[in-house]
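Worksheet: the structure to be examined is printed underneath.
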2 protein chains.
Amino acid sequence: MEEKLHLLRQHFEELFALTDDQWNFVQSHFQYKSLKKHQFLIQAGQAVNFEYWIIKGLVKAYSIDDKGKEHILQFAMENYWVSDHCAFQHQEPGTIFVDCLEDSEFFCLSLENREKICLEVPAVANFFRIKSNNGYINLQQRILSLLTMTAESRYEYLLNKLPKLIQRVPKKLIASYLGVSRETLSRFNS
Amino acid sequence: MEEKLHLLRQHFEELFALTDDQWNFVQSHFQYKSLKKHQFLIQAGQAVNFEYWIIKGLVKAYSIDDKGKEHILQFAMENYWVSDHCAFQHQEPGTIFVDCLEDSEFFCLSLENREKICLEVPAVANFFRIKSNNGYINLQQRILSLLTMTAESRYEYLLNKLPKLIQRVPKKLIASYLGVSRETLSRFNS
DNA sequence: AGCTAAAAGTGACCTAAATCACTTTTCAAG
DNA sequence: CTTGAAAAGTGATTTAGGTCACTTTTAGCT
């Protein structure tokens, strides 16, 4: 566990250095969780008590429409943060599912604890500020890709951007992420 | 100008209170700008030196594809922040345009100044942290709407969510925002 | 008020991608 | 190693929405 916490500290310190005291304070606000493939981290309709930093593994975050079809909002793997951010932030029942595509391990941060460490340690507030901003930028680019590109070029774009991800994830899930049917994706390129 | 700065202070203090000293420090890092309808705030290919808080007015942020077609990323009005966030954050030439749909006024914040006030005044770091997080949540919902909803229901959804906006913006721009053609939008509902 | 230009509406036709139905391949669990 | 299930591929058909061409309406500007 020491080792895993060290990974989290490194993750924070990629942006801002922390003193040992600060880190000890921060660290004490996380809790560890481990799940097997196919287990749920978050389920629609239930409370979302945490956001999760992924130590190891791979998850998908998705919503299910009225026809039972799955729409993938995000894939998240090592070093990513994942949650039903909307439900978490507003402390409402969730609307999306997050489940494990591989055995996974997490550090869990409650809203209360997040606010506590942000107010106590400014470097942490700045860390989350920068992270959220980068996330925002990524989502803007995804929106632009949905508005401007054909399904096929979105696929090529993703192949270039996250080649390792594609190898870890079934193509039908990639299709769902791109907003295209499994069959159509299968007809693309090579 | 006092009055306009007061609006900005109110905007910050919706989330975290500031002492007068803190506010004076923060305030001194903004500069004022005013533009007429049809003028550009940001142009693709040029440096993006600021992010902008809108005192008054309405702008559209959009990219232009290889066929010359406009795709609207965001509408922004009073109290909104707008920029080419990607180019701004990485201090690269921009890829999108932002221009005024109405005469507009802004407070401009450079990247250097943003980092300065965030590091100096933790409440400001927390302000931007929460704002970015909320922005992230909104974009996730927009992505879900693009993945799960038909063009028509996206339109209805927008009508409900931002009815005032629709009245200030030509329908062909709404169409572009929704990722649907002007003609198709025109055939919806009433 | 009158004029121009932008915006909005509409019909006819076209196309990218969805859907349905089925086959083949791959993978994981006993 | 085998076997059942999930994933992937493929053909035929349908459909939401795009494109083109034109008309009508609305809004700004002298």
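None of these values were measured; they are calculated from a predicted model. Residue numbers start from 1 in every chain, and the chains themselves are labelled A, B, ... in the order their sequence lines are given, proteins ahead of strands.
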| Quick one: are B/F75 and B/Y177 in side-chain contact, heavy atoms under 4.5 Å? | yes
| What is the distance, rounded to the nearest whole Å, between atom CG of A/L173 and atom C1' of D/dA6? | 11 Å
| said: Rounding to an integer number of Å, can you tell me how far B/K172 NZ sits from C/dA8 C1'? | reply: 11 Å
| task | Run the numbers on A/Y52 and A/F30 for side chain to side chain contact (heavy atoms under 4.5 Å, CB included), then give the verdict. | result | CA-CA 9 Å; A/Y52 302 90; A/F30 283 87; over 6 Å; no
| query | Between B/S104 and B/L58, what is the shortest heavy-atom contact and its length? | reply | OG-N, 3.2 Å
| field | B/R168, B/K60, B/K37, B/K36 screened by salt bridge (Lys or Arg N to Asp or Glu O under 4.0 Å) with B/E102, the one that passes | value | B/R168
| said: Distance check needed: C/dA8 C1' versus B/Y155 OH, whole Å only. | reply: 11 Å
| task | Could you please name the option among D/dA8, C/dT10, C/dA7 that lies closest to any side-chain atom of A/P170? | result | D/dA8
| task | Nearest whole angstrom, please: distance from the C1' of D/dG28 to the CD of B/E102. | result | 14 Å
| query | CD of A/Q167 versus C1' of D/dA7: gap in Å, rounded? | reply | 17 Å
| task | Let me have a per-nucleotide readout for nucleotides 17-25 of chain D, 5' to 3', with B, S or -, counting only protein heavy atoms under 4.0 Å. | result | SBBBB----
| query | How many Å lie between CD on A/E70 and C1' on D/dA6, as a whole number? | reply | 13 Å
| remark: note: B/L147, atom CG; C/dA17, atom P; distance rounded to Å ~ 14 Å
| field | Pair A/R187 + A/E152, salt bridge at N-O below 4.0 Å | value | no
| Roughly, in whole Å, what's the span from NE2 in B/H38 to C1' in C/dA5? | 11 Å
| said: What I'd like to find out is whether the side chain of B/F40 reaches to under 4.5 Å of the side chain of B/Q43, using heavy atoms alone. | reply: yes
